[in-house]
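The block underneath contains the structure these notes are about, expressed in structure tokens.
One-based numbering, in listed order, for ligands and for the atoms of each.
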Amino acid sequence: IEDRRVEPRGALVVLEGLDRSGKSSQSSRLVSYLEGSGISAELWRFPDRTTNVGQMISSYLTNMSQLDDHTIHLLFSANRWEKRSLMETKLKAGTTLIVDRYSYSGVAFSSSKGLDIEWCKAPEVGLFAPDAVIFLDISPEKAAERGGYGGERYEKLEFQRKVAESYKALHDASWKIVDACQSMEDVEKQLQDIVLDSVMECQKGKPLSHLWS
Ligand code: T5A
Ligand code: NA
């Protein structure tokens, strides 16, 4: 008799988009919504600035330190690798993770500086592949109007235009493109539907897969 036991697990949902597209606002709303619906969920973000590696990244982003483009790329990747086993534990325990930026940010931002895209993707191979990638779509110009950019390294219109182009090279079938210029509430409703679908698939035992797939 074939063993048809399924292992229910949490969903891995990633939010991506340009700086100021609304990722952080929507990620926390999603987690509140899921918890309110009785679904175990946690908010994660990359970079995770709380670790040693994360502190190096934070100091780079705030222009307190300088690093070679390849070096900072690998640190962003290392910051995801150091959270990988905890990610696996949480997902297998049934917790859905809403992740504010992931490997796609890593590749889109570094390749926008001129690094080879395949070189940028290589250190991400073997990390968990998201069950859904939600791309909050907004033009660089509109994003720049939102409260203005702060002083972080990549918050410049010209660079964000390059990042927008780089993201386009990464879209695949798992991406859901959502118009980020709608009201906060309209975006929120669309995201809830996408995430509930993913949560249900994963509860039915959809297997975890790995990047790049
Ligand atoms: N990076 C990151 C890499 O280079 N490599 C990597 O591997 C990774 C992971 C740090 C930087 O690091 C780069 C990318 C980044 O440049 P961060 O810490 O995520 O990334 O950046 P933050 O500055 O924290 O966040 P963002 O600038 O990306 O903004 P969000 O989270 O997209 O937007 P949010 O929710 O903070 O909203 C921005 C503003 O818009 C308003 C909000 O109220 C807020 O004022 N807003 C809306 N206004 C109108 N309508 C809506 N629908 C709105 N939604 C939000
Ligand atoms: Na953010």
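By the side-chain hydrogen bond (donor to acceptor under 3.5 Å, both in side chains) test, Lys156 is found to be paired with no residue, residues two or more places apart in sequence or in another chain being considered. Looking at residues two or more places apart in sequence or on another chain, you find a salt bridge (charged side-chain N to carboxylate O under 4.0 Å, His left out) between Glu42 and Lys90.
Protein neighbours of ligand 1 below 4.0 Å, counting non-hydrogen atoms: Leu18, Asp19, Arg20, Ser21, Gly22, Lys23, Ser24, Ser25, Phe46, Pro47, Arg49, Leu61, Phe76, Arg80, Arg101, Ser105, Gly106, Phe109, Arg146, Tyr154, Glu155, Ala180, Gln182, Ser183, Met184.
Taking every heavy atom of both residues into account, Pro130 and Tyr104 meet most closely at CD-OH, 3.3 Å.
With respect to the salt-bridge test (charged N to carboxylate O, under 4.0 angstrom), the residues Arg161 and Glu158 qualify. Ion pair Lys121/Glu124 not flagged as a salt bridge, since none of the NZ, NE, NH1 or NH2 atoms sits closer than 4.0 Å to an Asp/Glu carboxylate oxygen.
Any protein N/O/S atom under 3.0 Å from the Na ion (ligand 2) was counted, giving 1 altogether.
Ring geometry for His70 versus Trp119: interplanar angle over 60°, hence perpendicular rather than tilted (30 to 60°). Between Phe135 and Trp175, the ring-plane angle classifies as tilted under the 30° and 60° cut-offs.
The closest side-chain donor-acceptor pair between Glu82 and Asn79 falls under 3.5 angstrom.
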Between Ser65 and Met56, is a side-chain contact (heavy atoms from CB on, under 4.5 Å) present by the stated rule, with each step listed? CA-CA 8 Å; Ser65 68; Met56 292 174 73; over 6 Å; no

